[in-house]
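Order of listing sets the numbers, starting from 1, for every ligand and every atom in it. Everything quoted here is computed from the prediction, not taken from an experiment. For the single chain, residues carry numbers from 1 onward in sequence order.
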Amino acid sequence: MATADPTATTPLRERAAWRALEAHHAQLRNLHLRELFAEDPLRGERLAAEGAGLYLDYSKNRITDETLRLLIELARESGLAARTEAMFRGERINVSENRSVLHIALRMPKGTPLVVEGVDVAAQAHAVLERMAAFCERIRSGEWKGHTGKPIRNIINIGIGGSDLGPVMAYEALRHYTRRDLTFRFVSNVDSTDFAEATHDLAAEETLFIVASKTFTTLETMTNAHTARAWSLSALGEEAAIAKHFVALSTNADEVAAFGIDTDNMFGFWEWVGGRYSMGSAIGLSTMLAIGPGAFRDLLAGFHAMDEHFRTAPLERNLPALMGLLAVWYGDFFGAQTAGVMPYSQYLKRFPAYLQQLTMESNGKHVTLDGRRVDYDTGAVYWGEPGTNGQHSFYQLIHQGTKLIPVDLIGFAKNLNPIRDHHDILMSNVFAQAEALAFGKTEEDVRAEGTARAIVAHRVFEGNRPTNVILAQKLTPRTLGALVALYEHSVFTQGTVWSIDSFDQWGVELGKVLAKRIIPELESQDEPELDHDSSTNALIRRYRRLR
Ligand code: G6Q
């Protein structure tokens with residue numbers, strides 16, 4: 001297990017800082033952001049931090065300097081610095097899987113070694129990146145030919161979870177930088193509609209499938225990969241075509257070979273790359289094909305800049321640490337159950353979905369590293385939509401509902417497609433929402449507007465709804481890398497305070513096992529003998545009758 005501050009072994013609720021935070025919360029919980037801003041005219045400039053090209057305004061949080069001091073003390077008592085160092089050194093901090101956690105090694109500058117258990121893992125990562133770059137150049141230049149001699153024009157990534165959400169999110173986020181003459185599609189769902197819709201207008205002779213699967217055994221991905229193989233073969237006729245139209249991203253060379261993909265066309269990674277932390281590994285091949293190897297290096301450089309910021313910046317100015325600690329503050333002290341992430345960028349439309357896996361698969365845990373049930377809340381439910389769209393649907397509940405929902409608002413100074421005054425309108429909404437959520441509108445203000453007495457209460461905004469505003473100059477590959485790493489390390493900070501394993505995902509196993517048992521019961525010609533619970537039995541029988 002990782003070396004950590006000895007106080008970190010003290011159960012969380014017995015740590016001095018936790019106790020102090022409880023008492024502090026009781027004092028502060030009714031304090032309004034209006035008062036906090038009135039007291040300190042410089043608050044908006046003071047409670048802000050910068051790193052890796054991102055500016056974080058966290059002044060509209062329900063905190064005082066004392067809150068921050070205590071939260072930082074909590075991070076210290078939780079051994080954040082030691083655990084961070086342990087991760088960066090490659091110690092096996094993923095205890096339930098006995099693995100190192102080294103996504104940070106995927107984005108280290110070339111030539112900087114990181115030797116873990118006798119292996120330079122950074123050099124390993126660069127060797128794969130170089131093979132990926134050479135492959136991408138061959139596809140992008142048209143040198144790589146399909147089975148009938150035509151260049152590849154369509155690229156379909158088949159993967160799910162961590163082998164899908166990062167690539168999809170990055171492709172959408174960086175679309176501005178992509179080769180528009182290449183078509184990219186992503187197939188994840190085992191619902192055959194996903195495959196059918198992704199391929200219906202494509203010619204197999206111009207289509208390359210990337211089978212992205214760390215284990216190369218995932219049911220959905222292997223089902224889709226076999227369907228893709230059959231689809232290609234039915235158009236191209238010969239087994240030999242597979243070599244030109246399939247590549248694999250995996251840690252499992254044996255299974256890749258067994259599937260029939262030449263391991264020369266396999267790009268590897270390692271068990272120390274978790275699925276949801278893998279978009280900078282070979283899993284990013286579709287991203288590299290879309291934006292090119294140079295821009296992919298910029299993406300990695302953005303990740304690395306935030307990694308270094310997180311590792312070296314004092315906690316008082318450390319963006320991921322501050323965001324992680326604020327998440328603990330709202331979740332554990334204010335009882336907030338969810339957190340909103342609203343990117344004011346259409347390109348980031350899949351960012352909330354990506355973050356849902358990152359945050360909820362990482363921190364949706366109920367036992368500590370040593371297996372004790374926690375007696376506090378862990379990871380929140382993350383959700384979101386791009387602004388301004390969400391404002392016209394669910395923001396009502398954030399402004400006037402009964403639930404406290406801390407929100408991150410993400411915006412950019414420059415638009416990649418500037419047209420007329422769209423961008424100023426877009427960004428005015430970022431600032432206006434943060435302002436409205438924090439300060440609201442008082443009953444006096446509503447009355448002063450001459451509002452009919454009967455509806456005054458309906459038009460009051462209590463305010464005191466917390467937000468973080470994250471600003472960057474422009475959405476670039478580099479900015480995207482920094483933004484993803486910001487959330488990765490915020491998740492890590494939260495997991496460290498909670499003493500949970502943010503890098504395993506045992507919670508996805510049970511459903512998979514049960515589905516494997518049910519598949520033959522659905523497929524069998526004869527009425528199967530069922531011994532599930534009465535509800536599951538009845539559902540299976542009804543399905544068999546109805547289909
Ligand atoms: C991510 C999870 C999970 C995983 C998928 C796909 O952290 O481990 O989402 O990425 O289950 O797994 P394979 O890449 O092995 O197909």
Would you kindly specify which portion of K214 sits under 4.0 Å from ligand 1, judged on non-hydrogen atoms: side chain, backbone, both or neither?
both
side-chain hydrogen bond (donor to acceptor under 3.5 Å, both in side chains): pairs with one or both residues in residues 356-368, sequence neighbours excluded
R276-E361, R276-S362, Y277-S362, Q357-E361, N363-S502, K365-D504, T368-D370
Please list, in number order, the atoms of ligand 1 under 4.0 Å from a heavy atom of [X].
X    : result
G275 : 1 (C), 7 (O), 10 (O)
S213 : 13 (P), 14 (O), 15 (O), 16 (O)
Q505 : 7 (O), 8 (O)
T218 : 12 (O), 13 (P), 15 (O), 16 (O)

Students often mix this up, so state it plainly: with edges at 30° and 60°, are the rings of [X] and [Y] parallel, tilted or perpendicular?
X    : Y    : value
W272 : W270 : parallel
Y330 : F334 : tilted
F310 : F88  : tilted
F259 : F216 : perpendicular

Show your reasoning for whether salt bridge (Lys or Arg N to Asp or Glu O under 4.0 Å) applies to E206 and K145.
CA-CA 8 Å; E206 296 175 337; K145 301 282 190 288; over 6 Å; no
May I ask which of K512, R276, M222 has a heavy atom nearer to atom 7 (O) of ligand 1 than the others do?
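Result: the heavy atom closest to atom 7 (O) of ligand 1 is in R276.
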Atom 11 (O) of ligand 1 protein-contacted (non-hydrogen atom, under 4.0 angstrom)
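Protein heavy atom within 4.0 Å of atom 11 (O) of ligand 1: absent.
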Please list the nearest protein heavy atom to [atom] with its residue and the distance rounded to 0.1 Å.
atom                    : answer
atom 9 (O) of ligand 1  : Q357 NE2, 2.6 Å
atom 2 (C) of ligand 1  : E361 OE1, 3.1 Å
atom 4 (C) of ligand 1  : G162 N, 3.8 Å
atom 6 (C) of ligand 1  : I160 O, 3.2 Å
atom 15 (O) of ligand 1 : T215 OG1, 2.6 Å

I155 side chain near T183 side chain, heavy-atom distance below 4.5 Å
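Result no, sub-4.5 Å side-chain heavy-atom pair not found.
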Where do D262 and K244 land on the salt bridge (Lys or Arg N to Asp or Glu O under 4.0 Å) test, with the steps shown first?
CA-CA 10 Å; D262 188 339; K244 300 284 183 200; over 6 Å; no
